[in-house]
Structure formats: structure tokens, C-alpha cells
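Structure record follows, encoded as C-alpha cells.
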2 protein chains.
Amino acid sequence: MLSRIGDKWSVLVIMLIRDRSRRFSELKRDIGGISQRMLTLTLRNLERDGLVTRTVTPSIPPRVDYELTALGHSLAEPVQALGSWAFAHMAQIDAAQARYDAGAAGTRAGDP
Amino acid sequence: MLSRIGDKWSVLVIMLIRDRSRRFSELKRDIGGISQRMLTLTLRNLERDGLVTRTVTPSIPPRVDYELTALGHSLAEPVQALGSWAFAHMAQIDAAQARYDAGAAGTRAGDP
DNA sequence: CAGAATCCCAACTGATACTG
DNA sequence: CAGTATCAGTTGGGATTCTG
């Protein structure tokens, strides 16, 4: 399961459909940077895990909506918490990385 | 940052050193299944992110302890929440997957 | 519009051997 | 003990093309 959470696309999808159902193309557009292949795979996996439902409307053109299940909603909470943490501490982490990288550059004292 | 959380090894390490600092070999043994290479890389990244401290004791044999920073501890909480969720809903997810896979096998009705 | 299939390169990872 | 270095195998993910 952690592998699914670890998948950044899954997290983004969950966040996006948390409030309302979304169409495939809508997700693709809103996420931006995801290939349709990855979006398809991500949604399949989430569906397989019982986290989202897939509703096909057989019209022309076809239409598919994705929505969180109850299970999906219960997951969305801790995921959201993690997201908030990441957002809140982004600056600290960037700073830490910069510090670390600076130190690693010249392992000897007064280098750069 | 999500990429770090997604890394299963990172999560395990964080969980393990949450209560007390641990030595390299201790982590390797307790995690089991991780190569020393991956453990090294994982710890490096966590250190770079400012989530763990690395304390070298230059004795013979050498000794290195890893410990969570304050930042690391603040991350451990939401991570723990997520872990709890995963554990609590493991059965539901397995069931959902089994159902999905069964359905996928024979897309036609009464197949298996 | 939504998705399946194919190709192909890059990144991650494990096993092994060597060092301070 | 705690790494680093190297090699080879597996996987991930993007771009492209084709359908109902």
C-alpha cells in the first residue's frame, strides 16, 4: 500500500478528486506534466485498490468519471496531512539540502 | 519531498529511529532485506533533507549513530498516521484487489 | 474523448568486492 | 564496522500511434 502512496501521481489524483468527481481529460489537464499513459495506470491501480470508482457514460464522445470511494476518502485524510506537512516544511528542507550540498562541495574547510 | 516519503526504505528507517538512535548495522539487521548500499543511500538522503543526524564516533571499529532531528520527528507523525491507516485497511484493500482481479479475468459474466 | 499497444532510454537496485 | 566503487539486471516513464 505504501507503494501506492509513494506514487506521487496517485497522491495528486486523490487530492484532485477529493471534493468532486473528475473526468479523465480534466485530470490530465489539471495535473499537467502527467502522460496519459501514467494517468491511466494510476487510475487503474487506484480503482483496483478500491479507492476510486470508474463510471463510464457510453455516449459519443465517451465520458468517464472518477470519484473517491469511502475507502478513498478515509485515505485522503492522512494523505492530506502529509501533503500539508510537506508544504509547510518545504522551505526548511530546501535550506537543509542547500546546507548539506554546500558542505559536501568542499569537504575541506575554506573551499568555495 | 513526497518522493522521499514514497521511498519505502525511508519510511522504515524513520519508523525505526523514531524512539531512539540506531547504529548502521542495527538498522541493516532490523530492516532485513535492504542492501547496505540502499541503506547508505537512504540515510544520506534523509540526512540531506535535514531529517536525521549522523554522528560518527571515530573508534576502532568505527561507530555511526543515526537519530531523528526535530524536523524528522515532526514528519514521523503524519507518516505514522499513514502507516496506521495502511495497516487498518490492509484487509479491505486486499479484498478490493481480489475482487478487481477476479472481474478482470473473465470479463464475460459467469466465467471462473 | 478515453484508452490500449509499442518502442526505447534513463533511473533505480541488488550483488559483489575493496578500503579506512 | 561503516562505508565506497563497479557492474549488470529490472523497472519506470515518456513519446508515439492506433482504436471504439
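Naming convention: chains lettered A, B, ... in sequence-line order (proteins, then strands); numbering from 1 in each chain. If you're wondering where the values come from, they're calculated on a predicted model, not measured in any experiment. Reckoned from all heavy atoms, side chains included, excluding hydrogens, waters and symmetry mates.
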Legend entry - Comparing B/Arg54 and A/Gly33 on DNA chain D - which has the more 5′ nearest nucleotide: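 Upstream on the strand: B/Arg54.
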Inset, instruction - Among C/dG14, D/dT4, C/dC1, find the nucleotide with the atom closest to the side chain of B/Thr40. - result: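 In terms of side-chain proximity for B/Thr40, the closest of C/dG14, D/dT4, C/dC1 is D/dT4.
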Legend entry - Out of C/dG3, C/dG14, D/dT4, whichever nucleotide has its closest atom nearest the side chain of B/Arg44: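 Comparing C/dG3, C/dG14, D/dT4 against the side chain of B/Arg44, the answer is D/dT4.
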Could you tell me the separation between the [atom1] atom of [X] and the [atom2] atom of [N], rounded to a whole number of Å?
X	N	atom1	atom2	result
A/Phe24	D/dG20	CZ	P	18 Å
A/Lys8	C/dA11	NZ	C1'	13 Å
B/Ile31	D/dA2	CD1	P	13 Å
A/Met38	C/dA5	CE	C1'	15 Å
B/Leu41	D/dT4	CG	C1'	10 Å
B/Gln36	C/dT16	CD	C1'	9 Å
B/Arg37	D/dC7	CZ	C1'	10 Å
A/Leu43	D/dG13	CG	P	14 Å

Tell me whether [X] is salt-bridged to [Y], with the criterion being a basic N under 4.0 Å from an acidic carboxylate O.
X	Y	value
B/Glu26	B/Arg63	no
B/Asp30	B/Arg22	yes
B/Arg54	B/Asp65	no

Inset, instruction - Ignoring backbone atoms, test whether B/Arg23 places a side-chain nitrogen or oxygen under 4.0 Å from the OP1 or OP2 oxygen of D/dA2. - result: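 Looking at the OP1 and OP2 atoms of D/dA2, one of them is under 4.0 Å from a side-chain N or O of B/Arg23.
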Inset, instruction - Answer yes or no: does a side-chain N or O of A/Ser25 lie under 4.0 Å from OP1 or OP2 of C/dA2? - result: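 So the side-chain polar atoms of A/Ser25 do come within 4.0 Å of the phosphate oxygens OP1 or OP2 of C/dA2, strictly under.
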Inset, instruction - Determine whether B/Phe24 and B/Met15 fall in the same hydrophobic cluster, where Ile, Leu, Val, Met, Phe, Trp and Tyr are linked whenever their side-chain heavy atoms lie under 4.5 Å apart. - result: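 Linked, B/Phe24 and B/Met15 end up in one cluster.
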